[in-house]
Amino acid sequence: MSNRKCTLRLVMALVVVVLGTGAFAQDTGPDPVVENAGTSLFPSESTRGIEAILDQLAEPDEANLDSLEGLLAPANTNSPRDTIISFLKRTQRYYDLLQQDTYTAEDDAELQHLYDEMQWFFDLRNVAPSLRQDVAVNSAVYLREIIDRVGLPPVERIPDRKQMLAALDAGYPPAWKIGSSPLVIARIDDGPNQGKYLFSEETLETVEDLFWQLRSFPYRSTSAQGFYEASFLTPRPTLQAWSDELPAWMHKGILGQTIWQWIAMALLFAVAFMSIWFLSSILKRATRNAAPLARDSTLLLVPLFAMFASYLLYDLIGDKIFITGPVFQAAVYIIYGIALFAGVVFLFSLGTVLIELAASTERAKRRPTDIHLATLGIRVVSIIAIVAALLKGMHLLGFSLATILAGAGVTGLAVALASQNTLRNVFGSLMLLLDKPFEVGQRIKLQGYDGVVEDIGMRSTRLRLLSGHLVSIPNEKVAGMDVENVDMRPSIRRTIDLPLAYDTPQEKIQRAVAILREILSVPDAGAAESDGASPPQRDSHRGQDPGTGHPNEAINHPDRPPRVIFNEINPDSLNITATYWYGPPDHWAYLEHCQIINHEIIRRFREEGL
């Protein structure tokens, strides 16, 4: 009986020990990220996680029968487990494609999509948009090489979404670390990837160095063995057969690229620059004697070709020669710089062409002020487009828009303070073009100057004085002056004062008034001959041809006829005043008419003894 009790007690003790061990080993949540923990560079002892995931992905199910069907399906990064599984799936497919001898059109499409998908696994918020794809692909290769050496825990020990939520409720940070390595998958709390679990920025910064430290360790999983060599040191199949024929020394690696890749990249840059220079020289020589509009329109092809050459250079270097890593990133900066400079030149040159096109129209000849306003508007729009292109280009190169705009604000304030007079003149020019107090070619009087407007520029208005001198007046002052536009008057007013002797008889005064009215009128030809009065001589009037009408038609208007009045009795004389308006206001024709009237007054007054 006692033996039975002892045996029973022993069995119960064993059961308790087994159950306690199982409970201790059961997964209670994700492994927390320990701050300032030491980092071990030795691989883990288990590869069950990698093999289990790869075995699961290799099973022939409906979802994997056609790889192209999943191209549009985004990577699942809703938890560390989903991120790991999706990452291994994509990198394994990428490795398998790199091992092929030839690419089909479907393979090229899938490769391009894989390049885009690699960006979904990393926190790339602080990486330049133009470099994100390349950084993500390179980091994915390094990370897969590391994982294949250090291994992964069993799939069930990688936390899923429910376990991460439970860990968060328990106070753990929203992150999971692969063993004792510095590889961390963290939840993103803002931006377009909010709520996703991605490899952290710190992981992105350390993954390349960690790969080189672990490269000498053996593979724990050989499913993607030689991934680094296949991705970084092997060209696309279109060039691989040719590159295999090169000497062995040209396949040695320098900064992650083979010697022949360095040579090919240098030759491509040289050909691109020479092509741009050659095209520019040919077009300049061909349009040397052409009109400015035709020449400038033709030269627009140069920046367009430079932008096309930049795109082609990017494709050849990144996709054909397969330059990767920091070298490719430096090449991208140069290529984007060329494209950005060419875009700025194109926008400015396009503005010049549009201005020349507007100036060549018939409206430009009739309304030159409108063309000045159009010129100012086109320049302003082109400058805005250039600034927008520069901001976009700098953003693609990794500059923060907030920093750029803040710097631009400070710089703009400094420039505005340093060039207040220039800005005031520019705004004065804008006011003159909008208000149009005068136009080019009109005679004006302002600030003691009297002359013809030759040009309304951005800074000043140029005035050709009647003396022949050229005066430039700042537009700020012109906009604030009282401007007398001589050419805008409908007619030229003239007043003649004729003093008579104080003892002149009243009959003579009346006769003088009548004579003046006759001289300033347009008499009937028959009436003039019967009265014996001869009209003013038309032949002496340079602005009036014989047979085209009487010269006084220019001063006899229905709404404003000439006025002759005996208006003053002075202490020593009597005064008769005559007023008339000459139109249209041709100054030189007006002076010729004045001469005719003056001669006629003297002749008639002498005949009457006045």
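These numbers come from the heavy atoms of this one structure, side chains and all, not from hydrogens, waters or symmetry mates.
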### Query
Can you tell me if Asp148 and Gln225 form a side-chain donor-acceptor pair at under 3.5 Å?
no

### Query
Which is it for Phe87 and Trp120 under the ring-ring contact (aromatic ring centres under 6.0 Å, His included) test, yes or no, and what are the steps along the way?
CA-CA 9 Å; Phe87 175 78; Trp120 298 345; over 10 Å; no

### Query
Between Thr206 and Asp209, does any side-chain donor sit less than 3.5 Å from a side-chain acceptor?
no

### Cationic N near anionic O, under 4.0 Å, Glu229 to Arg215
yes

### Task
Quick one: closest heavy-atom pair of Arg157 and Trp176, and the distance?
O-NE1, 4.5 Å

### Message
Set out, in order, the CA-CA distance, both residues' side-chain angles and the distance that settles side chain to side chain contact (heavy atoms under 4.5 Å, CB included) for Phe199 and Val207, then state yes or no.
### Response
CA-CA 10 Å; Phe199 288 100; Val207 66; over 6 Å; no

### Query
Is there side-chain contact between Gln133 and Met118, with at least one heavy-atom pair below 4.5 Å?
no

### Task
Would you mind reporting whether Val332 and Tyr314 have side-chain heavy atoms less than 4.5 Å apart?
yes

### Task
Keeping to residues at least two apart or across chains, list the ring-ring contact (aromatic ring centres under 6.0 Å, His included) pairs with something in residues 266-299.
none

### Query
Does a side-chain heavy-atom distance below 4.5 Å link Leu143 with Phe121?
no

### Task
Check whether any side-chain heavy atom of Arg125 lies under 4.5 Å from a side-chain heavy atom of Asp190, and answer yes or no.
yes

### Task
Would you please classify the geometry between the Tyr142 ring and the Phe211 ring as parallel, tilted or perpendicular, with 30° and 60° separating the classes?
tilted

### Query
So, do Met164 and Pro80 sit near enough that their side-chain heavy atoms are less than 4.5 Å apart?
yes

### side chain to side chain contact (heavy atoms under 4.5 Å, CB included) assessment of Leu204 paired with Asn126
CA-CA 11 Å; Leu204 199 66; Asn126 292 327; over 6 Å; no

### Summary
When rounded to the nearest 0.5 Å, the distance separating CD1 of Ile334 from OG of Ser310 is 11.0 Å

### Query
So do the side chains of Glu208 and Trp212 get within less than 4.5 Å of each other, counting heavy atoms only?
yes

### Query
Got a donor-acceptor contact below 3.5 angstrom from the Arg90 side chain to the Glu117 backbone?
no

#### Entry: Gap between atom CG of Leu214 and atom CG of Leu210 - 0.5 Å precision
4.5 Å

### Query
If you take all heavy atoms of Ile158 and Gln163, which pair is closest and at what distance?
O-OE1, 3.8 Å

### Message
If we ignore hydrogens and angles and just use 3.5 Å, is the side chain of Thr83 paired with the main-chain N or O of Tyr197 as donor and acceptor?
### Response
yes

### Task
Verify side chain to side chain contact (heavy atoms under 4.5 Å, CB included) between Phe341 and Tyr336, making sure each step is shown before the conclusion.
CA-CA 8 Å; Phe341 179 77; Tyr336 268 76; over 6 Å; no

### Summary
By salt bridge (charged side-chain N to carboxylate O under 4.0 Å, His left out), Asp169 pairs with (sequence neighbours left out) none

#### Entry: Other residues, nucleotides, ligands: >12 heavy atoms within 6.0 Å of Tyr219 OH
yes

#### Entry: Under the side-chain hydrogen bond (donor to acceptor under 3.5 Å, both in side chains) test, residues paired with Glu202 that sit two or more places apart
Ser200

## Note on the structure
All heavy atoms of Arg93 vs all of Leu114, minimum pair found to be CG-CD1, 4.0 Å

#### Entry: side-chain hydrogen bond (donor to acceptor under 3.5 Å, both in side chains) involving Arg379 - partner list, sequence neighbours excluded
Thr352

### Side-chain donor/acceptor of Thr203 to backbone N/O of Val184, under 3.5 Å
yes

### Task
Check whether the side chains of Gln194 and Arg187 place a donor and an acceptor atom closer than 3.5 Å, and report yes or no.
no

### Query
So do the side chains of Phe305 and Ser275 get within less than 4.5 Å of each other, counting heavy atoms only?
yes

### Query
Donor-acceptor pair, Arg220 side chain versus Val150 backbone, under 3.5 Å?
no

### Query
Got a salt bridge between Arg132 and Asp134, using NZ or NE/NH1/NH2 to carboxylate O under 4.0 Å?
no

### Task
Please identify each residue that fulfils side-chain contact (heavy atoms from CB on, under 4.5 Å) with Leu267, with sequence neighbours left out.
Ile263

### Task
Kindly compute the distance separating CG (Asp123) from CG (Asn193), expressed to the nearest 0.5 Å.
7.5 Å

### Message
Please report the interatomic distance CD(Gln100) to OH(Tyr95), rounded to the nearest 0.5 Å.
### Response
12.0 Å

### Task
Kindly give the heavy-atom pair with the smallest separation between Leu300 and Ser349, and that separation in Å.
CD2-CB, 3.4 Å

#### Entry: Carboxylate-amine/guanidinium proximity below 4.0 Å for Arg81 and Glu156
no

### Query
Hey, is the main chain of Gly351 close enough, under 3.5 Å, to the side chain of Ser382 for a donor-acceptor pair?
no

### Message
Give me the atom names and distance for the closest heavy-atom approach of Arg161 to Gly195.
### Response
NH1-O, 4.3 Å

### side-chain hydrogen bond (donor to acceptor under 3.5 Å, both in side chains) contacts in which one or both residues fall within residues 278-298, not counting sequence neighbours
none

### Message
Quick one, Phe346 with Leu350, criterion side chain to side chain contact (heavy atoms under 4.5 Å, CB included). Give me CA distance, side-chain angles, the key distance, then yes/no.
### Response
CA-CA 6 Å; Phe346 174 78; Leu350 181 61; 4.2 Å; yes

### Inter-residue atom distance Glu201.CD - Ile188.CD1, 0.5 Å rounding
7.5 Å

### Task
Output the distance between atom CZ (Phe122) and atom CG (Asn138), rounded to the nearest 0.5 Å.
10.0 Å

### Summary
Note: Val302 and Leu279 closest approach over all heavy atoms is CA-CD2, 4.3 Å

#### Entry: Presence of salt bridge, Asp160 and Lys162, under 4.0 angstrom
no

### Query
Is there side-chain contact between Met265 and Leu316, with at least one heavy-atom pair below 4.5 Å?
no

